[in-house]
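Letters A, B, ... are given to chains in the order of the sequence lines, protein chains preceding strands, and every chain is numbered from 1.
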Amino acid sequence: MPELPEAERARQQIEKALGREIVAVDDRDSYVCRPHAPGEIEQALVGHSLTKALRRGKFLWAETDRDGPELGLHLGMAGRIVIDEPPHTPWDRFTLHFADGGSLALRDKRRLGRAVLEPDYGHVGPDAALVSRDAFRQRIGRGSMAIKARLLDQKSISGVGNLLADETLWQARLHPRRPSGELSEEELDHLRRTLRAATRAAIAKGGVHTGTFIPHRKKGGSCPRCKTAVERATIGGRTTVWCPTCQV
DNA sequence: AGGTCTGTTCAGCT
DNA sequence: TAGCTGAACAGACC
């Protein structure tokens, strides 16, 4: 499920854990906690509290008090953050236990989430809802990759998932296969405004599935604007759906 | 029953 | 250097 709107909701959940002393950590899932060995994250965090919950795109992290390490979290494709809920094994892949008896857990059936100390998010591009016009022109409007693939590249800008990319390109009337470096400045500026609006609308309404196009994205669907049957192909390694009439 | 799928990282290739 | 592909994770859904 998680795209940027779900990541923002997870960040707000983490805020509920701020200021609560960590007394134990379940970091035994060595895949989710890679490259850390079991016990490593626990040893680094016990005695500290989280002090701030931050997000860029879909990447989450928390600062800790008294020069403790940062804790990086990622929801993967199916993860969410649950606070003060009864434990749910085996789906709670990583858990902080607090002195007050409560907890923060990364609940993730598919095990694609991630918990890591001192995360290096240096490669993560600016947040899709915040990126400036000049940064967007420079980072998106280059290279030969399909614009759909470029939007999904978290190094270029962060937070755009497969559904949000299809919704945004449909709203902006851009064909997903257009080479990103061949878009005009006007097209790039329009795409950026559309992306920011679609992202903020998705956050406000509670998810990407609240978009205009996404409900028509299924097989046999048709464009909500012109009723043309939608087309489907793999672009940037992901299933892509678009309107062959509206999107050029 | 078998195929598909909303994310990221990494190896390996061109 | 840029860009592409497939593997890995494991359950939900059609």
Side-chain angles (χ1 to χ4, degrees), chain A residues 1-11 28-36 55-61 72-81 88-94 106-116 119-125 127-128 138-170 176-182 195 198-199 201-203 205-221 230-242:
Chain A
M1 304 276 193
E3 289 208 36
L4 191 147
E6 291 80 5
E8 171 56 20
R9 197 175 319 143
R11 192 197 64 76
R28 289 172 295 176
D29 190 320
S30 54
Y31 185 76
V32 167
C33 297
R34 68 190 184 282
H36 300 294
R55 175 185 67 76
R56 185 158 78 250
K58 289 173 272 197
F59 294 82
L60 298 159
W61 72 103
L73 294 168
H74 197 286
L75 303 176
M77 200 157 355
R80 57 198 183 100
I81 300 295
H88 199 315
T89 50
W91 293 337
D92 288 349
R93 309 293 184 179
F94 176 81
L106 170 61
R107 187 162 296 172
D108 176 20
K109 293 182 178 179
R110 289 191 59 182
R111 212 180 173 203
L112 289 164
R114 197 79 192 269
V116 63
D120 179 5
Y121 291 159
H123 64 290
V124 179
D127 188 275
Q138 187 186 335
R139 304 179 74 97
I140 300 296
R142 65 186 167 83
S144 59
M145 276 173 61
I147 182 60
K148 162 75 182 264
R150 179 70 68 203
L151 289 175
L152 291 177
D153 174 14
Q154 308 296 305
K155 295 187 287 301
S156 296
I157 57 168
S158 63
V160 181
N162 199 31
L163 297 182
L164 184 57
D166 280 4
E167 174 74 27
T168 300
L169 289 170
W170 176 81
R177 282 203 214 275
R178 290 275 299 279
S180 55
E182 293 177 16
L195 173 59
T199 303
I203 290 175
K205 293 181 185 174
V208 178
H209 57 281
T210 60
T212 307
F213 182 62
I214 295 310
H216 303 269
R217 201 173 168 277
K218 52 189 179 290
K219 277 175 185 154
V230 297
E231 216 147 299
R232 168 182 299 260
T234 298
I235 303 177
R238 312 302 302 278
T239 299
T240 301
V241 180
W242 71 96

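The heavy-atom pair separating A/L60 from A/Y121 by the smallest distance is O-OH, 3.0 Å.
Here A/R34 lies out of heavy-atom contact (under 4.0 Å) with every strand.
Against DNA chain C, the stretch residues 145-163 of chain A makes heavy-atom approaches under 4.0 Å through A/M145, A/R150.
If you measure from atom NZ of A/K58 to atom P of B/dT6, you get 11 Å, rounded to the nearest angstrom. B/dC5 atom P lies 13 Å from atom CD1 of A/I235, rounded to whole Å. Counting to the nearest Å, the C1' atom of B/dT8 and the CZ atom of A/R111 are 15 Å from each other. Whole-Å rounding puts the A/L164 CG to B/dT6 P distance at 13 Å. At whole-Å resolution of the value, CG in A/L73 and C1' in B/dT8 are 15 Å apart.
The only member of A/R177, A/R178, A/E182 that meets side chain to side chain contact (heavy atoms under 4.5 Å, CB included) when paired with A/I147 is A/R178.
A/R110 has no side-chain polar atom (N or O) that falls below the 4.0 Å cut-off from OP1 or OP2 of C/dG11.
Under the 6.0 Å distance and 45° angle rule, A/R56 does not count as a cation-pi partner of A/F59.
Remark: the separation of the P atoms in B/dA1 and C/dA10 is 22 Å, to the nearest Å. Across the P atoms, B/dT4 and C/dA7 are found 13 Å apart, a figure rounded to whole Å.
Nearest to the side-chain atoms of A/R238 among the listed nucleotides B/dT6, C/dG11, B/dT9 stands B/dT6.
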Under a cut-off of 3.5 Å for both distances of each Watson-Crick or G-U pair, what dot-bracket string does DNA chain C give, using [ ] for crossing pairs and | for inter-strand pairs? .||||||||.||||
